[in-house]
> 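Could you have a look at this structure, given as structure tokens, before my questions?
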Amino acid sequence: MAQQTNTFSLRNMGINLVAGGSAGFTEICIMHPLDVVKTRFQIQTTGNPNDPHYYTSVYDCMRKMTKNEGIFSLYKGVLPPVLVETPKRAIKFLTFEIYKQLFGSPTPVTFFLAGLGSGTTEAILVNPFEVVKVAQQANRAQHKVSPGTWAVAREIIKTQGLGFRGLNKGVTATIGRNGLFNCVYFGLFHSVNTKVTQPKEKWQQNLQKFFIGLVAGILGCLVNIPFDVAKSRIQGPQPVAGEIKYRTTFGSIATVYREEGFLALYKGLVPKVLRLGPGAGIMMIVYENVQGYLVKRFPEH
């Protein structure tokens, strides 16, 4: 990655924002259907395999959703992430660079701590969008008659408010999910990428970055998915209307473990890994290439 002398300069902050935003927009456009599948699995408790809304595999979920809700149902809830992923990823990469500079020398400890700080900041800012997205993804109506993003947001605000029972519910679970993922993702990627020999050819450099990002993304998923399940349970529809079963992060994790077993804490892992593994590699390639181009296009004076 191109070296920047001062992360806090307007030029370098602008470069990180544009590069991070480009990475997020590209990743969400390619990988969103798997995020929908992941949410469906995480809010699913028990059911009949013959039920059109009960899913046994990633393929089964996509097939049933396409058949019963339409092909575009795989992009349910895409507007909130599209609206938020560009600034979210911009913030993700910018705050990582800021925390990295604040923590001092570029060591593995610095990379992991900067990633944790980046994920925490990111989670607080994007949680309201996550609440709306999960509500849309959980809706099993035909896509063409499903309520739109703004309608869902207005309904949540009207019936549940703006606080921790409404548009900001599940924020601690989002912090746990994003904080742990970014900690592993940035920490592992930069620790490895700064140690390995960089190939001479550009395509080889991109391929190497993709695979390091892929592995970092998969490990991040394995570490943070119990928080992701808790987040989906808190932000998604409750089992009994009018009764809040999933309230707190660790309380929800304990409830899922007690009632459904340890493996239930890893529900949605396959679509999550299929999405965020390659997605993590894609993001790093896009970010590094856009950042490198902008650094050369707009040199420091």
Side-chain angles (χ1 to χ4, degrees), residues 27-28 30-49 51-66 68-69 73-78 80-81 85 119 123 126-127 129-140 169-182 184-185 214 216-239 245-246 249-280:
E27 189 267 346
I28 197 66
I30 296 172
M31 308 302 292
H32 184 75
L34 288 166
D35 189 59
V36 178
V37 174
K38 179 207 72 174
T39 299
R40 290 292 178 95
F41 272 106
Q42 290 179 341
I43 62 176
Q44 176 172 283
T45 52
T46 58
N48 185 340
D51 184 341
H53 299 307
Y54 181 83
Y55 314 115
T56 59
S57 66
V58 173
Y59 170 74
D60 182 61
C61 182
M62 287 186 164
R63 181 181 62 82
K64 287 179 178 177
M65 286 185 66
T66 302
N68 299 308
E69 303 170 45
S73 66
L74 295 173
Y75 278 86
K76 278 185 174 181
V78 72
E85 283 301 323
V126 306
N127 191 68
F129 294 88
E130 290 288 324
V131 173
V132 175
K133 182 194 77 172
V134 170
Q136 285 189 282
Q137 291 178 343
N139 189 301
R140 290 184 166 86
K169 60 185 173 182
V171 66
T172 53
T174 306
I175 289 173
R177 184 192 72 163
N178 290 30
L180 285 174
F181 181 84
N182 282 11
V184 175
Y185 177 52
L214 172 70
I218 291 174
L219 291 177
C221 291
L222 293 172
V223 169
N224 83 340
I225 192 167
F227 289 92
D228 203 1
V229 172
K231 171 185 168 298
S232 293
R233 295 295 177 95
I234 295 169
Q235 295 177 345
Q238 298 294 312
K245 180 176 182 178
Y246 304 104
T249 301
F250 290 104
S252 297
I253 291 174
T255 298
V256 171
Y257 173 77
R258 184 174 62 254
E259 295 184 354
E260 302 171 47
F262 176 76
L263 292 180
L265 294 174
Y266 287 80
K267 280 188 173 181
L269 178 62
V270 173
K272 182 180 175 74
V273 166
L274 289 176
R275 182 212 166 178
L276 288 179

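Owing to the predicted nature of the structure, the values given are computational and were not obtained by experimental measurement.
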> Taking the side chain as every heavy atom from C-beta outward, state whether L219 and V223 have any pair of such atoms under 4.5 Å apart.
no
> Run the numbers on N127 and V131 for side chain to side chain contact (heavy atoms under 4.5 Å, CB included), then give the verdict.
CA-CA 6 Å; N127 191 68; V131 173; 4.0 Å; yes
> Give a yes or no on whether the backbone of R40 and the side-chain of Y55 come within a donor-acceptor separation of less than 3.5 Å.
no
> Please enumerate all residues that pass salt bridge (Lys or Arg N to Asp or Glu O under 4.0 Å) together with K169, with sequence neighbours excluded.
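With neighbours one apart ignored, the set is empty.
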> Are the side chains of V36 and L74 in touch, meaning some heavy atoms are under 4.5 Å apart?
no
> Please report the closest heavy-atom contact between G217 and A280, naming both atoms and the distance.
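Result for this residue pair: CA-CB, 3.8 Å.
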> For S73 and T66, which heavy atoms make the closest approach, and how far apart are they?
OG-N, 4.2 Å
> What's the separation between atom OH in Y75 and atom CG in D35, rounded to the nearest 0.5 Å?
11.5 Å
> Grab the two heavy atoms, one from L265 and one from Y257, that are nearest each other, plus how far apart they are.
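So the two residues come closest at CD1-CB, 4.2 Å.
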> Identify the two heavy atoms, one from T56 and one from D60, that lie closest to each other, and give their separation to 0.1 Å.
N-OD2, 3.0 Å
> How many angstroms lie between atom SG of C221 and atom CG of L274, to the nearest 0.5 angstrom?
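The SG atom of C221 sits 9.5 Å away from the CG atom of L274.
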> Applying ring pair (Phe, Tyr, Trp, His ring centres under 6.0 Å), can you list everything that pairs with F41, at least two apart in sequence or on another chain?
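With sequence neighbours excluded, F41 shows a ring pair (Phe, Tyr, Trp, His ring centres under 6.0 Å) to no residue whatsoever.
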> At what distance, to the nearest 0.5 angstrom, does CG of N224 lie from CG of L276?
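Spacing of CG (N224) from CG (L276) equals 8.0 Å.
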> To check you understand the geometry: which heavy-atom pair defines the closest contact between G277 and L214, and what is its length?
C-CD1, 3.2 Å
> Where is the tightest heavy-atom contact between K267 and I225, given as atom of each residue plus distance?
O-CD1, 3.5 Å
> Starting at CE of M31, measure out to NZ of K272 and round the result to the nearest 0.5 Å.
12.5 Å
> Walk me through whether L269 and L222 qualify under side chain to side chain contact (heavy atoms under 4.5 Å, CB included).
CA-CA 8 Å; L269 178 62; L222 293 172; 3.9 Å; yes
> Is there a donor-acceptor contact under 3.5 Å from the side chain of Q235 to the main chain of A135?
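Judged by distance alone, no pair lies under 3.5 Å.
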> Output all residues satisfying side-chain hydrogen bond (donor to acceptor under 3.5 Å, both in side chains) with T172, sequence neighbours left out; order by chain, then residue number.
T249
> For E259, enumerate each residue passing the side-chain hydrogen bond (donor to acceptor under 3.5 Å, both in side chains) test, keeping only those at least two apart in sequence or located in another chain.
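Applying side-chain hydrogen bond (donor to acceptor under 3.5 Å, both in side chains) to E259 gives K245.
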> CG/D228 to CG/L180 distance, rounded to the nearest 0.5 angstrom?
11.0 Å
> Who are the salt bridge (Lys or Arg N to Asp or Glu O under 4.0 Å) partners of R233, not counting sequence neighbours?
E260
> Can you name the one residue among K76, R275, M62, M65 that meets side-chain contact (heavy atoms from CB on, under 4.5 Å) with P33?
M62
> Mind checking ring pair (Phe, Tyr, Trp, His ring centres under 6.0 Å) for F227 and listing every partner two or more places apart, or none if nothing turns up?
F250
> To the nearest 0.5 Å, tell me how far T255 OG1 sits from R258 CZ.
4.5 Å
